[in-house]
**Student:** 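First the structure, which I've put down as structure tokens, then a few questions once you've had a look.
Lettering of chains follows the sequences in order, A, B, ..., and the numbering in each one begins at 1.
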2 protein chains.
Amino acid sequence: MARPKVGEIDRSSSADKVEKILQGAMQEFLAHGYAGTSMDRVAEAAGVSKATVYSHFQDKEGLFKALIEKLARKRFHSILGTQPLKGEPYMVLRGLAATALDQMVNDQEYQAFERLLMGESARFPELAQVFIHSIAKPAIETISKYIASCSELNIPDPEATARILIGSLVHFVITQEIMHGKDIMPMEGDRLIDALTHLIVNCAD
Amino acid sequence: MARPKVGEIDRSSSADKVEKILQGAMQEFLAHGYAGTSMDRVAEAAGVSKATVYSHFQDKEGLFKALIEKLARKRFHSILGTQPLKGEPYMVLRGLAATALDQMVNDQEYQAFERLLMGESARFPELAQVFIHSIAKPAIETISKYIASCSELNIPDPEATARILIGSLVHFVITQEIMHGKDIMPMEGDRLIDALTHLIVNCAD
DNA sequence: GTCTATATTATGATAGAC
DNA sequence: GTCTATCATAATATAGAC
């Protein structure tokens with residue numbers, strides 16, 4: 001608990017409180033969704049009073065939007081860690097797919113974020129678009145450019161192919177982890193990666 | 001409005017009421033999610049009193065589960081309409097992908113269903129698994145078997161390849177339609193289908 | 001079986017003390 | 001700036017009349 005004990009002086013600054021509120025909001029919104037989260041619980045999780053939450057954020061919607069934008073910015077900087085992305089196509093694509101899949105499968109926060117954004121994408125379309133703009137689009141562009149740069153692959157449509165690569169991986173995480181399909185239709189991630197790289201690398205006419 | 005006017009006798013049977021309640025529940029839950037839906041609004045949308053809703057369903061959770069299971073059963077019977085799935089691979093796979101993509105893109109109810117299940121998959125994991133079991137798994141198996149039956153394609157892992165096909169299509173619908181990405185990173189569905197069929201058909205060693 | 005009316009609790013948001 | 005206490009509303013669920 002960062003909250004000071006009774007009798008102690010709370011030395012946390014206003015900026016600290018904002019950060020604590022956003023932390024509490026993250027915990028609650030990621031776990032229970034927008035409508036399922038109450039401002040009382042956010043305040044409790046943050047270790048501040050509800051009035052303090054409202055003094056820093058206009059209302060529940062404003063807090064939610066601030067949180068999503070913060071999370072999107074954070075994710076933007078951790079997409080495949082700015083690898084050089086040069087070298088022999090088979091190994092590069094394989095490493096790329098393996099790294100991305102491993103990160104998504106082992107990152108519960110990512111999965112909760114994806115769940116939240118999809119679930120709220122009807123009520124908050126502009127927040128879903130923040131995700132598209134700052135995460136999905138850059139990822140597609142990066143891979144698309146790499147594929148286009150590999151003339152020996154002879155890929156007619158690099159962008160569509162990049163979407164197949166990313167879409168296969170993300171959908172695998174959605175079905176296996178997010179929607180809890182791994183017990184019902186189990187499959188090793190390596191099989192997907194093998195099949196993907198095989199398709200992309202071995203189809204040069 | 002199916003609701004009888006004042007002074008008229010309500011001749012709807014009990015079974016009719018159950019159906020009306022499920023209709024109202026579908027409208028509300030698909031639009032506002034689980035926590036965002038109130039039983040008052042469900043009753044209003046169904047044209048019955050709230051007490052009637054509770055007389056047919058134990059509680060909000062019971063109504064929600066009954067609805068999701070009904071929708072999953074309904075979708076189970078409309079997956080690619082039991083096509084024969086025989087013939088020359090390139091045309092069969094192309095037709096399959098085009099039909100599936102067209103159906104998903106133009107079916108708002110499907111998109112809302114997917115959104116709802118993903119959004120609630122943390123709170124109701126068993127309902128997400130109903131979806132996996134009755135929709136995702138059969139689709140993968142059908143396509144997997146077809147791919148395996150085409151020996152001329154020489155695909156090393158038909159099931160992984162089927163997941164790539166379906167995953168690419170579903171993820172395309174998720175990014176473009178459900179998450180409203182089509183204005184930000186537009187792309188014709190035909191390009192995805194061309195790239196997919198090219199990869200699968202032209203990679204025989 | 002179905003309705004109206006109500007009990008009870010939880011929620012978003014704010015007033016006022018310090 | 002932050003807290004406690006509170007308001008007004010909306011939610012789940014049920015009691016009791018017909």
**Student:** Within the pair T52(A) and dC3(D), is there a side-chain N or O less than 4.0 Å away from OP1 or OP2?
**Tutor:**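 It does, given that an N or O in the side chain of T52(A) lies less than 4.0 Å from OP1 or OP2 of dC3(D).
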**Student:** Among residues at least two apart in sequence or on other chains, which ones pass ring-ring contact (aromatic ring centres under 6.0 Å, His included) with F124(B)?
**Tutor:** Y34(B), F64(B)
**Student:** When you match R41(A) and H56(B) each to their closest nucleotide on DNA chain C, which lands nearer the 5' end?
**Tutor:** H56(B)
**Student:** Check the surroundings of atom CD in E126(A): do more than 12 heavy atoms from other residues, nucleotides or ligands lie under 6.0 Å from it?
**Tutor:**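 Atom CD in E126(A) is crowded, with more than 12 foreign heavy atoms closer than 6.0 Å.
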**Student:** Using whole Å, what does the distance between atom P of nucleotide dA11(D) and atom CD of E28(B) come to?
**Tutor:**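 Rounded to the whole Å, the gap is 11 Å.
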**Student:** Within this structure, what is the CD-to-C1' distance between E44(A) and dC3(D), rounded to whole angstrom?
**Tutor:** 15 Å
**Student:** List, one per line, each side-chain donor-acceptor pair under 3.5 Å for residues 167-175 of chain A, sequence neighbours excluded.
**Tutor:**
residue, atom, partner, partner atom, Å
S168(A), OG, I164(A), O, 2.6
S168(A), OG, S168(B), OG, 3.4
T175(A), OG1, H171(A), O, 3.1
T175(A), OG1, F172(A), O, 3.1

**Student:** For dT2(C) and S49(B) - does any side-chain N or O of the residue sit under 4.0 Å from the phosphate oxygens OP1/OP2?
**Tutor:**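 Answer no for this pair, as no side-chain N or O of S49(B) is under 4.0 Å from OP1 or OP2.
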**Student:** So do the side chains of E109(A) and R75(A) get within less than 4.5 Å of each other, counting heavy atoms only?
**Tutor:**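 Yes, at least one pair of side-chain atoms sits under 4.5 Å.
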**Student:** Hey, mind stepping through K137(B) and E141(B) against salt bridge (Lys or Arg N to Asp or Glu O under 4.0 Å) and telling me if it holds?
**Tutor:** CA-CA 6 Å; K137(B) 193 161 184 271; E141(B) 280 173 355; 3.3 Å; yes
**Student:** Starting at the 5' end of nucleotides 12-18 of chain D, put B wherever the base has a protein heavy atom under 4.0 Å, S where only the sugar-phosphate does, and a dash everywhere else.
**Tutor:** BBBB---
**Student:** Hydrogens and angles aside, do T52(B) and S55(B) bring a side-chain donor and acceptor to less than 3.5 Å of each other?
**Tutor:**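 Short answer, no.
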